[in-house]
Amino acid sequence: MPQTRQGRRSLLVGAAGAALATPALAQREFPTRPIRLIVPWLASAAADIQLRGLVQVATRYLGQPIIIENRAGASGILGAQLLANEAQGDGYLLTQMHNSALRVPFMMPRAPYDVQRDFSFVIRLVGYSYGVVVRPDSPWRTWQQFVDHVKANPGKVSFGTAGVGTTQHVAMEQVARIAGLDWVHVPFRGGGDDVQALLGGNLDAVASSSLWAEMVQNGQLRLLVSFGEERIRRFPQTPTLRESGLDVAHTSPYGLVGPKNMDPGIMRVLHDALHRALTDPEHQALIARMDMPLAYLNSADYAASIPATLEEQRIIVRDVGLRM
C-alpha cells in the first residue's frame, strides 16, 4: 500500500529517534557482566595496589565487578599487546597504559602495537613517586655518598628495577649519563620482587615506585633520593634528583585504556564510574598513603595528550640508547 506523506514523515522521525537513542541504550545496557582489567605487573606492585583500590570503589558505581588479572613481564607491555589484538573494544577488557608501554615500541625493531591506533583512552588517573632505596646497614647515608661510591667502584654496584625500559630504569640511565656513572642494572618482572632481592642482600640498591614507603618509615630501608618535581610529602628530608644537581624528574602518569573503536556511550559509562571512584574519599586516602599524585584527564584530553607524550618517549629512547 502506498505510504502517505504523513506516514513517510513518521517513519523518518522514528528512524532518527532510534539512531539518537543508540548511545543512551548502550549506556543503559552496559555493563551486564564483570569487566576484566589486565594489570601488567606483579600483585605486589604499586600500580596493582592502587588499581585494586580503585576498582573496588568503582564496582559500587558500575553495578558489576572489575576483575583484575595480573600479567607481569616484558617491561609491562603484556596488557597492551593483548588489547591491540582486539578488533573492537566492547568495554569488558581494559588495561593500564603507562609510560613504559608508550616507550617500548621505540625500543624494538618492530613495534608490537600502534599506540594511537590500537587503543581507546578511557581515563588518566595518577602518577608515581619514585626513589632509590638501600638497606639500612649499607654504608651510604646520603645520595651523594652513594654516587661517590659508584664512581670509585665502576661496574661493581648493582641496582634493581621493575624491568628494562621502565621509568625507573630510564631515570637511572639518565643519571648515569649525566654523572658519568658505571653501575649494573638488574631488571625484574614487575615490581616488588626487586625490593625483596634488596632485603635479601642480592642487590646494592633499588630504583622503584613508592612500594618501599612503609619499609622506609619502619626503618627496613633507607631512601636516598626521589625522582619527582618536588620532594615526597611523607619524606621531606629526602632531596630530589634535581636538588642533587641532576636535571632528571619523573612522575610517569598512567591511565586505563580499552581496545580500539569502543562505543562512545560505553566509554562514557566507564569514565564516569572510574572518575567517581578516583575522587572517592576511600581511594583518595589510598593514593595519599602511597604518595601517588593525582593526574586526572578525561577521555578526550587523555587521548589528546598522547602524541606529545609519545614524542617525549621517542627522544628519551634515542638519547639514552634504550633497546629491548
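Everything numeric here is computed off the predicted structure, so don't read it as measured data. Hydrogens, waters and symmetry mates are skipped; everything else that's a heavy atom, side chains included, is used.
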Pair [X]-[Y], side-chain donor/acceptor within less than 3.5 Å:
X	Y	result
Y92	T32	yes
D148	Q144	yes
T167	R103	yes

For the pair [X] (side chain) and [Y] (backbone), establish whether a donor and an acceptor sit closer than 3.5 Å, ignoring hydrogens and angles.
X	Y	result
R231	P236	yes
S158	L203	no
D118	D114	yes
T166	S100	no
Q168	T161	no
N218	Q220	no
S209	S129	no

Inset, instruction - Using the side chain to side chain contact (heavy atoms under 4.5 Å, CB included) rule, take H250 and Y128 through it: C-alpha gap first, then chi angles, then the decisive distance, then the call. - result: CA-CA 8 Å; H250 293 278; Y128 291 102; over 6 Å; no
Which heavy atom of [X] sits nearest a heavy atom of [Y], and at what distance?
X	Y	result
A84	K260	O-NZ, 3.4 Å
M97	A80	CE-CB, 4.3 Å
I77	P112	CD1-CG, 4.2 Å
T251	G228	CG2-CA, 4.4 Å
F188	A197	CZ-CB, 3.6 Å
R135	G201	NH1-CA, 3.6 Å

Using the rule that two of Ile, Leu, Val, Met, Phe, Trp, Tyr join whenever any of their side-chain heavy atoms come within less than 4.5 Å, decide whether [X] and [Y] are in one cluster.
X	Y	result
L256	I266	yes
L37	I67	no
M267	Y61	no
L274	L278	yes
L94	L78	no

If you define the side chain from C-beta out and look only at heavy atoms, does anything of [X] sit under 4.5 Å from [Y]?
X	Y	result
Y130	S252	yes
R36	L82	yes
H275	T279	yes
V134	D204	no
D263	F30	no
M262	L270	yes
I35	Q64	no
D194	S208	yes

Point-to-point distance, once rounded to the nearest 0.5 Å, from [atom1] of [X] to [atom2] of [Y]:
X	Y	atom1	atom2	result
F106	I315	CZ	CD1	9.5 Å
Q174	F227	CD	CZ	9.5 Å
Y254	R124	OH	CZ	12.0 Å
L93	I38	CG	CD1	5.5 Å
H98	L125	NE2	CG	12.5 Å
S226	I232	OG	CD1	4.5 Å

Inset, instruction - Would you please classify the geometry between the H185 ring and the H169 ring as parallel, tilted or perpendicular, with 30° and 60° separating the classes? - result: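 Taking H185 first and then H169, their aromatic rings lie parallel (interplane angle under 30°).
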Inset, instruction - Could you tell me how the ring of W143 sits relative to the ring of F146: parallel (under 30°), tilted (30 to 60°) or perpendicular (over 60°)? - result: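 Plane angle between 30° and 60°, so tilted.
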Legend entry - Worked verdict on E312 versus N99 for side chain to side chain contact (heavy atoms under 4.5 Å, CB included): CA-CA 10 Å; E312 291 171 4; N99 279 2; 5.9 Å; no
Inset, instruction - Just jot down the salt bridge (charged side-chain N to carboxylate O under 4.0 Å, His left out) partners of E214, sequence neighbours excluded, or say none. - result: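 Only R234 meet the salt bridge (charged side-chain N to carboxylate O under 4.0 Å, His left out) criterion with E214.
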Inset, instruction - Quick one: list whatever passes salt bridge (charged side-chain N to carboxylate O under 4.0 Å, His left out) with E86, sequence neighbours left out. - result: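 E86 satisfies salt bridge (charged side-chain N to carboxylate O under 4.0 Å, His left out) with no residue once adjacent residues are dropped.
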Inset, instruction - Decide side chain to side chain contact (heavy atoms under 4.5 Å, CB included) for V115 and F121; before the verdict, give the C-alpha distance in whole Å, the side-chain angles of both, and the deciding distance to 0.1 Å. - result: CA-CA 10 Å; V115 172; F121 292 84; 3.9 Å; yes
Inset, instruction - Could you tell me whether Y113 and F119 have their ring centroids closer than 6.0 angstrom? - result: yes
For [X], I'd like to know if atom [atom1] has over 12 heavy atoms of other residues, nucleotides or ligands within 6.0 Å.
X	atom1	answer
R233	CZ	no
R141	CZ	no
E230	CD	no

Using a strict cut-off of less than 4.0 Å between a Lys/Arg side-chain nitrogen and an Asp/Glu carboxylate oxygen, indicate whether [X] and [Y] qualify as a salt bridge.
X	Y	result
R177	D319	no
R52	D48	yes
D90	R33	yes

Inset, instruction - Just do the side chain to side chain contact (heavy atoms under 4.5 Å, CB included) check on L198 and W212 with the steps written out, would you? - result: CA-CA 11 Å; L198 174 63; W212 36 253; over 6 Å; no
